[in-house]
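Heads up, the thing below is written out as structure tokens.
Please read all numbers here as calculations on a predicted model, not as lab measurements.
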Amino acid sequence: GYSTFIPSIFPVSSRTQEYVNPFIEAAESTFKTMCGVDVERDGELSVRKAGLSPAYNLIGIIGLSGAVRGAVLMTMDTAVGRKMVMKFLGENLITETDLSDGFGEILNIISGAAAAKLGKVNLAIPTVMTGENQKIHSLQCCQWVIIPMKFPEWGKFNIEVAMEEA
């Protein structure tokens, strides 16, 4: 498991750890299978404080309900997202619509794979946003746990998870 990546001083419960690991595993397998690219962890987990913007300007978010409630967010620079979606679609040139649709679909695949390990979890339709200083607020009960990752040849991205048992 990935529990060794969570330092003992990190203020998350073992239950939160159970939520995070399926998303790491799903991201690794999805990017390998769908884009033919490896991803790796890029540092320790952290918590994004309320009111702070995600680190990058391309953001996809998907709500979760059922056995758990909350949301999953994937964020990266638009240039990194463009490379990822071009690889996913097998295209050398993509439109802004292609970027949003492809980015949302990849997030949907990752979330679906992780949700299958979390029990009876329903996924909302992904929403994709671009732009600087986007504010994303989680449920009052849940903080955004940031999982920093990277594509070795393209750049960094984060997966963020905010959820609790329903």
Side-chain angles (χ1 to χ4, degrees), residues 1-7 10 12 16-48 53-64 66 68 70-119 121-131 134 136 138 144-163:
Y2 289 91
S3 60
T4 57
F5 285 111
I6 301 176
F10 187 70
V12 296
T16 299
Q17 194 170 312
E18 290 175 36
Y19 296 148
V20 168
N21 290 342
F23 288 95
I24 295 168
E25 294 162 6
E28 289 176 335
S29 64
T30 298
F31 287 122
K32 185 71 170 171
T33 304
M34 305 307 274
C35 301
V37 65
D38 290 321
V39 298
E40 53 192 54
R41 290 289 305 275
D42 190 44
E44 302 288 351
L45 298 179
S46 61
V47 174
R48 181 162 47 87
S53 300
Y56 305 105
N57 61 0
L58 177 61
I59 303 163
I61 189 166
I62 190 163
L64 307 172
V68 296
V72 178
L73 183 146
M74 183 169 66
T75 180
M76 60 187 68
D77 280 331
T78 302
V80 174
R82 190 170 288 283
K83 289 174 187 172
M84 178 191 72
V85 171
M86 285 191 298
K87 193 82 165 164
F88 175 64
L89 297 176
E91 301 287 337
N92 291 324
L93 190 62
I94 59 171
T95 65
E96 289 301 311
T97 300
D98 294 335
L99 175 62
S100 292
D101 288 351
F103 192 81
E105 186 55 34
I106 291 169
L107 177 58
N108 196 41
I109 293 167
I110 292 169
S111 298
K117 296 178 180 181
L118 294 172
V121 177
N122 303 309
L123 303 178
I125 295 171
T127 299
V128 176
M129 301 165 281
T130 58
Q134 298 282 346
I136 310 280
S138 62
W144 287 105
V145 177
I146 301 170
I147 308 162
M149 301 187 81
K150 68 180 175 183
F151 301 104
E153 63 268 24
W154 296 338
K156 298 180 178 201
F157 69 101
N158 290 339
I159 294 177
E160 302 186 20
V161 179
M163 63 181 67

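- Every residue meeting the side-chain contact (heavy atoms from CB on, under 4.5 Å) condition with T127, not counting sequence neighbours, appears here in chain and number order: I61, M129.
- With rounding to the nearest 0.5 Å, the separation of OG in S46 from CD in E160 is 8.0 Å.
- Atom OG of S111 sits about 6.0 Å away from atom CG of L123, to the nearest 0.5 Å.
- The two atoms that bring P126 and G104 nearest to each other are CG-O, 3.4 Å, heavy atoms only.
- For the pair R82 (side chain) and D77 (backbone), a donor-acceptor distance under 3.5 Å is absent.
- With rounding to the nearest 0.5 Å, the separation of CZ in F88 from CD1 in I94 is 11.0 Å.
- Contact check for K156 versus M149: no side-chain heavy atoms found under the 4.5 Å cut-off.
- Counting heavy atoms from C-beta on, the side chains of F23 and V145 never come closer than 4.5 Å.
- The closest side-chain heavy-atom distance from F157 to M84 is not below 4.5 Å.
- Rounding to the nearest 0.5 angstrom, the gap separating the CG atom in D42 from the CD1 atom in I147 is 12.5 Å.
- Residues R41 and K150 fail the side-chain proximity criterion, which asks for heavy atoms closer than 4.5 Å.
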inquiry  = Walk me through whether M34 and I106 qualify under side chain to side chain contact (heavy atoms under 4.5 Å, CB included).
reply    = CA-CA 8 Å; M34 305 307 274; I106 291 169; 5.7 Å; no
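- Not a single donor-acceptor pair under 3.5 Å links the side chain of T33 to the backbone N or O of T30.
- Residues L58 and L99 meet the side-chain proximity criterion, which asks for heavy atoms closer than 4.5 Å.
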Apply the test side chain to side chain contact (heavy atoms under 4.5 Å, CB included) to residues M86 and L93: give CA-CA distance (whole Å), side-chain angles for both, the deciding distance (0.1 Å), then the verdict. CA-CA 7 Å; M86 285 191 298; L93 190 62; 5.7 Å; no
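- With sequence neighbours excluded, no residue forms a ring-ring contact (aromatic ring centres under 6.0 Å, His included) with Y56.
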* To do: Please step through side chain to side chain contact (heavy atoms under 4.5 Å, CB included) for the pair N108 and E105, ending with a clear verdict.
  => CA-CA 5 Å; N108 196 41; E105 186 55 34; 4.1 Å; yes
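- Using modelled atom types, one finds no donor on one side chain facing an acceptor on the other under 3.5 Å when comparing N158 with T75.
- Looking only at atom types and distance, the side chain of T95 has a donor-acceptor partner in the side chain of D98 under 3.5 Å away.
- When all heavy atoms are compared, the tightest approach of P22 to L118 is CG-CD2, 4.0 Å.
- In this structure the side chain of F151 reaches within 4.5 angstrom of the side chain of M76, judged on heavy atoms.
- Here E153 pairs with V37 under the side-chain contact (heavy atoms from CB on, under 4.5 Å) rule; sequence neighbours left out.
- The heavy-atom pair separating I110 from A26 by the smallest distance is O-CB, 3.4 Å.
- Under the 4.5 Å side-chain criterion, counting only non-hydrogen atoms from C-beta, L73 is in contact with W144.
- Within the 4.5 Å cutoff, the side chain of I59 has no heavy atoms near those of the V128 side chain.
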